[in-house]
Participant: 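The structure that follows is given in the form of structure tokens.
Basis for what follows: all heavy atoms, side chains included, without hydrogens, waters or symmetry-related copies.
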Amino acid sequence: MRRMIFCVLVAGLVTLLVAPSAYAQRSEGRVFGTVVDPDGIALPGVTITLASPGMMGERVAFTGAQGGFRFPAIPPSEYTLTISLQGFKTIIREGIDVPVGVTITLNISMEIAAVEETITVTGESPIIDVKSSDVGASFSAETLKNVPTATDMWAILAMTPGVRMEAYDVGGSHKSQQLGYESFGLGGQNRIMTEGMDSTEGGGGTGFYFDYYSKDDVRVVGAAGDVEMTTAGTFVIQNIKSGGNEYHGTIQQSYENRQFVGTNVDDATKARGFTGNPNRLFWETHGDVGGPIVRDRLWFYASANAFKIDKIISGVDPSVATDIGRIYVYTGKVSWRPTDDDQITGFGYFQLKQKPNRGLSNTLSPEGVLAQNSWSRMWNGTWERTWSDSVFTDITAGVMGFSWPMVAAVDPSTNPPRIDDVTGYRTGAGWGPFIFNRYKPQTRGSLYWFTDGLGGTHDLKFGYDWMIDSAQFGRTFASGGVRYVEVDGAPLEVIINNYPQFADDRNKHTDFFIQDTWTLGNRV
């Protein structure tokens with residue numbers, strides 16, 4: 001399927017009717033501001049320096065004719081802003097927290113100085129993004145680490161206003177299997193952006209089981225997404241940690257066994273055959289390290305994560321079989337700043353998922369399961385350049401995909417697939433094994449232009465988005481050529497395995513867009 005989308009959003013219509021979250025897709029934040037003198041007159045030519053202890057070098061901007069300054073793309077972090085102009089007291093503004101996808105707006109008044117003097121301001125940074133009106137929430141690395149919840153994307157979604165999950169996670173009980181969710185009543189049509197890459201699987205899956213502790217910032221938008229949000233569902237933007245000028249590392253260990261999990265299954269529920277499906281074992285190990293290779297120019301970040309869950313399936317004797325999930329994740333990121341105006345980032349992600357008893361249930365015998373042993377991967381490169389205080393560009397190109405084979409757990413030649421026509425109970429080798437591959441090359445880019453003319457302040461964005469989403473799916477004959485249908489062990493019929501072979505479903509699209517956020521004054 002091919003589609004071409006050209007979006008021209010007129011400023012007033014965008015602001016008043018669509019109410020987009022400007023630049024919400026970006027995996028960075030922004031700091032905008034205005035500097036005036038004691039009489040409220042704009043001050044041009046003021047030097048603005050932005051710095052952070054772990055930041056990859058300082059950034060400098062200058063106020064324009066209307067006293068405005070902008071840092072259009074900065075990594076989520078806590079910053080210190082220094083404002084200086086000859087003849088005025090230097091101001092140091094500390095503790096400015098910039099989340100992912102959020103624009104922090106500062107209004108600064110400078111005092112005239114008879115002698116050289118510095119004023120340090122420490123306090124809470126602004127938390128209201130006056131440049132956007134999306135409905136969602138931001139989660140910093142500190143929040144993700146300290147909130148007692150499951151360590152996966154679905155736990156983050158469950159904490160977001162307007163997002164409803166299809167099931168409850170108890171002690172990480174769903175960590176090895178994705179959960180469905182809906183935003184303001186709309187299910188599917190979601191988009192998951194990771195390091196500027198679309199990692200969505202199909203219409204709503206996250207694509208990977210990302211290392212929870214490697215996330216630096218996550219923004220979940222339930223409604224009123226950015227122009228780059230090409231569907232109507234939930235918009236997730238997640239940023240992976242980067243190295244900085246200070247070495248940092250984390251070691252995290254989690255453990256849970258059956259004694260940690262209670263039960264609330266009453267007699268009425270037990271009478272219906274439900275025995276509960278608690279975790280028997282849950283453990284997760286994470287380690288990461290990041291820091292400078294060349295201070296102020298080249299940095300690295302690397303992490304590894306291993307996870308296992310062993311879960312009881314209702315109606316299945318745990319001494320015979322349980323649902324086991326194992327996930328191994330490796331993440332790497334290199335950031336290079338060849339000049340003060342350029343930043344180049346390379347990102348790589350690899351994951352191995354193993355579920356030897358996938359599909360185990362009270363109607364599927366342990367011998368009839370299909371075993372999963374799948375590799376997922378994603379890598380990309382991003383070039384960001386600040387051409388001037390008014391022009392900024394970014395270009396990203398990369399590939400995501402996975403290879404997912406499902407094979408029968410037992411030999412079909414000695415134990416062919418069987419199903420009871422009355423009870424539906426399945427025995428013998430697993431039926432319907434398949435191979436599912438996804439290959440998703442993509443590139444996208446944007447140009448941001450900020451101007452104080454033309455009847456107010458304009459934040460213009462021009463961009464493109466190109467992607468091929470190739471889903472290759474095919475049944476195999478790994479479970480043998482026939483399946484026996486029986487009634488109480490007596491043969492009834494034979495089903496011949498004549499599944500069609502590999503099909504390649506390709507969703508190709510090219511998008512172009514223009515967006516303008518027009519600010520007429522302080523109130524419009």
Side-chain angles (χ1 to χ4, degrees), residues 22-23 25-35 44-85 96 98 100-106 131 195-196 216 239-240 242-246 290-301 333-347 380-398 443-453 457-464:
Y23 312 96
Q25 179 168 311
R26 297 212 46 76
S27 56
E28 296 92 359
R30 306 196 303 169
V31 173
F32 283 11
T34 303
V35 182
V46 179
T47 302
I48 313 294
T49 304
L50 190 70
S52 177
M55 187 180 176
M56 297 174 288
E58 294 182 344
R59 299 196 183 183
V60 178
F62 300 92
T63 58
Q66 304 299 319
F69 66 89
R70 301 175 178 88
F71 293 95
I74 56 176
S77 184
E78 185 175 290
Y79 290 93
T80 296
L81 199 69
T82 302
I83 305 98
S84 60
L85 180 66
I96 302 173
V98 182
V100 63
V102 172
T103 300
I104 300 299
T105 302
L106 303 172
K131 291 286 185 179
E195 285 293 311
D216 193 22
N239 197 31
I240 304 302
S242 300
N245 280 330
E246 296 180 354
I293 301 174
V294 178
R295 189 175 178 84
D296 292 333
R297 289 300 175 191
L298 186 62
W299 308 267
F300 79 96
Y301 172 80
K333 189 175 180 181
V334 175
S335 304
W336 177 37
R337 196 174 181 186
T339 73
D340 290 342
D341 297 323
D342 295 277
Q343 175 119 346
I344 298 173
T345 304
F347 172 75
N380 76 325
T382 300
W383 173 41
E384 300 173 329
R385 178 171 177 81
T386 302
W387 299 90
S388 69
D389 290 345
S390 300
V391 180
F392 173 83
T393 59
D394 68 82
I395 299 175
T396 297
T443 179
R444 56 188 49 84
S446 300
L447 182 149
Y448 307 87
W449 176 39
F450 314 100
T451 176
D452 292 329
T457 298
H458 294 266
D459 295 347
L460 284 153
K461 179 165 71 169
F462 308 83
Y464 74 93

Participant: Can you find a side-chain donor-acceptor pair between Tyr464 and Thr443 that sits under 3.5 Å?
Facilitator: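 Checked: Tyr464/Thr443 side chains pair up, N/O donor to acceptor below 3.5 Å.
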Participant: Supply the atom-to-atom distance Asp394 CG to Arg385 CZ, rounded to the nearest 0.5 angstrom.
Facilitator: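 Between Asp394 CG and Arg385 CZ, I get 13.5 Å after rounding to 0.5 Å.
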Participant: Taking the side chain as every heavy atom from C-beta outward, state whether Phe69 and Leu50 have any pair of such atoms under 4.5 Å apart.
Facilitator: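 A side-chain contact under 4.5 Å is absent here.
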Participant: In Å and rounded to the nearest 0.5 Å, what is the CD1 to OG1 distance from Ile48 to Thr82?
Facilitator: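 So the gap between those two atoms works out to 9.0 Å.
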Participant: Is any side-chain heavy atom of Thr382 closer than 4.5 Å to one of Phe347?
Facilitator: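 Contact flag for Phe347/Thr382 side chains = no.
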Participant: Starting at CZ of Phe392, measure out to OG of Ser446 and round the result to the nearest 0.5 Å.
Facilitator: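 Reported to 0.5 Å precision, the distance equals 9.0 Å.
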Participant: In Å, rounded to the nearest 0.5 Å, how long is the span from CZ of Arg295 to CG of Asn245?
Facilitator: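 So the CZ of Arg295 and the CG of Asn245 are separated by 4.0 Å.
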Participant: Is any side-chain heavy atom of Thr345 less than 4.5 Å from a side-chain heavy atom of Lys333?
Facilitator: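 Sidechains of Lys333 and Thr345: in contact.
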Participant: Quick one: do Asp340 and Arg297 make a salt bridge, cutoff under 4.0 Å?
Facilitator: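 The answer is yes: the pair qualifies as a salt bridge.
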Participant: Testing the basics here: between Phe300 and Pro292, what is the closest heavy-atom pair and its distance to 0.1 Å?
Facilitator: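 Answer, listing the atom of Phe300 first, then Pro292: CE2-O, 4.4 Å.
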Participant: Judged by atom type as modelled, is there a donor-acceptor pair below 3.5 Å linking the side chain of Asn380 to the main-chain atoms of Glu195?
Facilitator: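 Pair found, side chain donor or acceptor close to backbone of Glu195.
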Participant: Hey, what do you get for CD (Glu384) to CG (Asp341), rounding to the nearest 0.5 Å?
Facilitator: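 Here the rounded value is 12.5 Å.
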Participant: Do the side-chain N and O atoms of Trp299 and Ser242 include a donor-acceptor pair separated by under 3.5 angstrom?
Facilitator: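 Result is no, nothing qualifies.
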Participant: Do Asp342 and Trp383 pass the side chain to side chain contact (heavy atoms under 4.5 Å, CB included) test, and can you show the C-alpha distance, the side-chain angles, and the key distance before you say yes or no?
Facilitator: CA-CA 7 Å; Asp342 295 277; Trp383 173 41; 2.9 Å; yes
Participant: Are the aromatic rings of Phe450 and Phe32 close, with centres under 6.0 Å apart?
Facilitator: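 Yes, ring centres under 6.0 Å apart.
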Participant: Do Leu106 and Ile96 come within less than 4.5 Å of each other through their side chains, counting heavy atoms only?
Facilitator: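 Leu106 vs Ile96: side chains touch.
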Participant: Check whether any side-chain N or O of Thr63 sits under 3.5 Å from a backbone N or O of Gly45 as a donor-acceptor pair, and report yes or no.
Facilitator: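 Indeed, once roles are kept as given, a pair shorter than 3.5 Å links the two residues.
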Participant: If we ignore hydrogens and angles and just use 3.5 Å, is the side chain of Thr105 paired with the main-chain N or O of Gly33 as donor and acceptor?
Facilitator: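 Not at all, since once roles are kept as given, no pair shorter than 3.5 Å links the two residues.
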Participant: For the atom pair CD1 (Ile104) and CZ (Phe71), what is the distance rounded to the nearest 0.5 Å?
Facilitator: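 Those atoms lie 13.5 Å apart.
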Participant: Taking the side chain as everything from C-beta on, heavy atoms only, tell me whether Tyr79 gets closer than 4.5 Å to Val31.
Facilitator: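 The answer is no, as the side chains (C-beta and beyond) never meet within the 4.5 Å cut-off.
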Participant: Please evaluate residues Phe62 and Thr47 with respect to the criterion side chain to side chain contact (heavy atoms under 4.5 Å, CB included), reporting the C-alpha separation (whole Å), side-chain torsions for both, the decisive distance (0.1 Å), and the verdict.
Facilitator: CA-CA 5 Å; Phe62 300 92; Thr47 302; 3.3 Å; yes
